[in-house]
Undergrad: 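Before I ask anything, here is the structure I am working with.
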Protein chains: 2
Amino acid sequence: MKSSIPPATVGRLPVYLRALLVLEASGAEVVSSAELAEASGVNPAQVRKDLTHLRSSGKRGVGYDVMGLAAEMRKELGFDQRWAVVIVGAGHLGQALATYPGFLERGFDIASVLDADPAKAGMELGDLRVEPLSELGRLCAEREVAIGIICTPADAAQEVAQKLVAAGVGSILNFAPVPLTLPGRVNVRQVDLSVELQILAFHEQRRAEDEAPGP
Amino acid sequence: MKSSIPPATVGRLPVYLRALLVLEASGAEVVSSAELAEASGVNPAQVRKDLTHLRSSGKRGVGYDVMGLAAEMRKELGFDQRWAVVIVGAGHLGQALATYPGFLERGFDIASVLDADPAKAGMELGDLRVEPLSELGRLCAEREVAIGIICTPADAAQEVAQKLVAAGVGSILNFAPVPLTLPGRVNVRQVDLSVELQILAFHEQRRAEDEAPGP
DNA sequence: TGGTGTGAAACTTTTCACAGCT
DNA sequence: AGCTGTGAAAAGTTTCACACCA
């Protein structure tokens, strides 16, 4: 068991890596915590503390070795290998994610897009063809899929999640607006697009109330 | 200035509200913190503490009044009014969001979808037509848009964000993988789809390392 | 000199545990 | 009897400030 990295830090590592890749491409050899912080939208002290969780390559008075740090981070994030991903749910969102260029760039290959609706199966999506949901087990096994993305309606999500787990998927990104109940060993991340907007609406609402104080 | 609600709580209110709407529709009159917690995927104590931040309607030994609580929450989240939203960037993701049914259901109307690419302008999207980016100011003013969604490539996001702010937009949901630098009064939420997958990949990576211990 | 590494402080969030009300 | 409301403890996160070193 490796020494664990705090979740908040894990969430920032991909952001740092993105900044580092830009720096690397630009030929920069060293970067300071202040620069990295600027590029990542966080506090410099935060950056330094986060980086102590990896085999850090900082030199006092100088900064961090860009290539060394990028290499270390690539290894931690499994960026050097490609990850096969399945998407369940071929609605608009599923289709958009299936062709999202950011995934490909970051090492994620969409192995398959599936849908329970037979009418959607067979649909062409770039160079993918939508498969019927019944093929889930076979496809995950064949392509060694470790990560699944759920883009189904809320009422189908739990069942799909269980099928993914049964198919050997260990990590799930859930866009369906419902919490999943799964064994603890499964990693789940919930992304709820409506909730994001509602949080913004809450702040707008507050702003309006503050401007025109109530009764 | 109203007594402020902690950000972590604000992030959960929309989740509670969703559960409450289901309960309301099912005719339930009261709900316990345990039930609400179950439906929202959080801890019951958390629910109770969160609810103390609003004018709470809990009765000891009984639970919370579903209608009262839902009403209170709708008011806090501005759920009773409709919010006009613009989407900038009519790529696959922008298109998917423009037709995302969850937004409509929760009170968000897509006032307009815009794109800097003249080739995309004029494109039909459900009952919307993609507008050229130059129309941003006029459209935001006309439709009293308070919320903007950025689905552009990373390199266009900062400029678009500034245009949104200039157009009077106070809250931004940013899907572009780059941190925005904006005046403090603007609410920004960053959603980074690739980062979500990379976080899952990190955990899968760890899992693999733990199963096959290294040198 | 300039920027890292890091204890310590400040703050936030979560969880516990139980008094107190219905 | 049962479930809320809530102080207090625990855990996690961010920020500060400065010793230390290339």
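We name chains A, B, ... by the order of the sequence lines, and we start the count at 1 in each one. Quantities reported herein were computed from a predicted structural model and do not represent experimental measurements.
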Undergrad: I'd like to know if B/Arg60 reaches the base of C/dT22 with its side chain such that a donor and an acceptor end up less than 3.5 angstrom apart.
TA: no
Undergrad: State, without any angle test, whether B/Ser171 and B/Asn187 hold a side-chain donor-acceptor pair at a distance under 3.5 Å.
TA: yes
Undergrad: Looking at C/dT14, D/dC16, D/dT4, which one has an atom nearest to any side-chain atom of B/Gln46?
TA: C/dT14
Undergrad: Can you tell me how far C1' of C/dG3 sits from CG of A/Leu69, to the nearest Å?
TA: 15 Å
Undergrad: Is B/Lys59 side chain donor-acceptor paired with the D/dG5 base, going by distance under 3.5 Å alone?
TA: no
Undergrad: Does B/Ser33 place a side-chain N or O at less than 4.0 Å from the phosphate oxygens OP1/OP2 of D/dT4?
TA: yes
Undergrad: Pick base, sugar-phosphate or nothing for B/Pro44, based on heavy-atom distances below 4.0 Å to the nucleic acid.
TA: nothing
Undergrad: Which heavy atom in B/Val178 sits nearest to a heavy atom in A/Arg18, and how many Å separate them?
TA: N-NH2, 4.5 Å
Undergrad: Within a radius of less than 6.0 Å around NE2 of A/His92, do more than 12 heavy atoms belonging to other residues, nucleotides or ligands occur?
TA: no
Undergrad: Less than 4.5 Å apart, any side-chain heavy atom of B/Gln198 and any of A/Phe108?
TA: yes
Undergrad: Should B/Arg48 be listed as having a side-chain N or O under 4.0 Å from OP1 or OP2 of C/dC16?
TA: no
Undergrad: Roughly how many Å is it from CG in B/Asp50 to C1' in D/dG5, rounded to a whole number?
TA: 13 Å
Undergrad: Any side-chain N or O of B/Tyr64 below 4.0 angstrom from OP1/OP2 of D/dG5?
TA: yes
Undergrad: Base, sugar-phosphate or nothing for B/Thr9? Non-hydrogen atoms, less than 4.0 Å.
TA: nothing
Undergrad: Tell me which of B/Ala34 and A/Lys49 sits closer to the 5' end of DNA chain D, going by the nucleotide each one is nearest to.
TA: B/Ala34
Undergrad: Which one, D/dT14, C/dG5, D/dC16, comes nearest to the side chain of A/Asn43?
TA: D/dC16
Undergrad: What integer distance in Å separates B/Asp65:CG from D/dC3:C1'?
TA: 15 Å
Undergrad: Rounded to the nearest Å, what distance is computed from the CG atom of residue A/Leu51 to the P atom of nucleotide C/dT6?
TA: 12 Å
Undergrad: May I ask you to check whether B/Gln95 and A/Gln95 show a side-chain donor-acceptor distance below 3.5 Å?
TA: no
